[in-house]
Amino acid sequence: MVLLNFSKYLQNKVSNSLSWRLWFVYLSAMSTIFTVSAITVYAFFNVSLEKDENERLKTLTQAASPSIKTIKTKGVVALEKTYRGAIYLKKTKV
């Protein structure tokens, strides 16, 4: 009887220990999967946003380059004659 109780006690201890170890392994695996997927998503969006920002900056520089060339070669007066928006902006300034 004592031997039977002792063997049940040992099985219970081993079982509890094993369940905690399995739970820890499962938790570790899930956190690793979550971390890897989060890093992947972050990297994807970071690259995508950087590419979009570079395209916008390139568009802005291409749009501004004719006015810069006009100012360098002919001066600000020629720019005001060429671009009517510049005259409007000059009139609206306080």
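Just so it is clear, the structure is predicted and the values come from calculations on it, not from any experiment. What you see below is based on every heavy atom in this structure, not just the backbone, and it leaves out hydrogens, waters and symmetry mates.
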Engineer: So, does Ser48 use its side chain to make a donor-acceptor pair with the main chain of Phe44 at under 3.5 Å?
Structural biologist: no
Engineer: Could you tell me the separation between the OG1 atom of Thr32 and the CG atom of Leu27, rounded to the nearest 0.5 Å?
Structural biologist: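 Rounded to the nearest 0.5 Å, the OG1-CG separation comes out at 9.0 Å.
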Engineer: Rounded to the nearest 0.5 Å, what's the gap from CG on Leu60 to CD on Glu55? Could you check?
Structural biologist: 11.5 Å
Engineer: Are Arg21 and Val25 close enough that some pair of their side-chain heavy atoms sits under 4.5 Å apart?
Structural biologist: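 Contact flag for Arg21/Val25 side chains = no.
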Engineer: CG/Asn46 to CD1/Ile39 distance, rounded to the nearest 0.5 angstrom?
Structural biologist: 12.5 Å
Engineer: Rounded to the nearest 0.5 Å, what separation is found between the CZ atom of Phe45 and the CG atom of Asp52?
Structural biologist: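 One gets 12.5 Å once the value is rounded to the nearest 0.5 Å.
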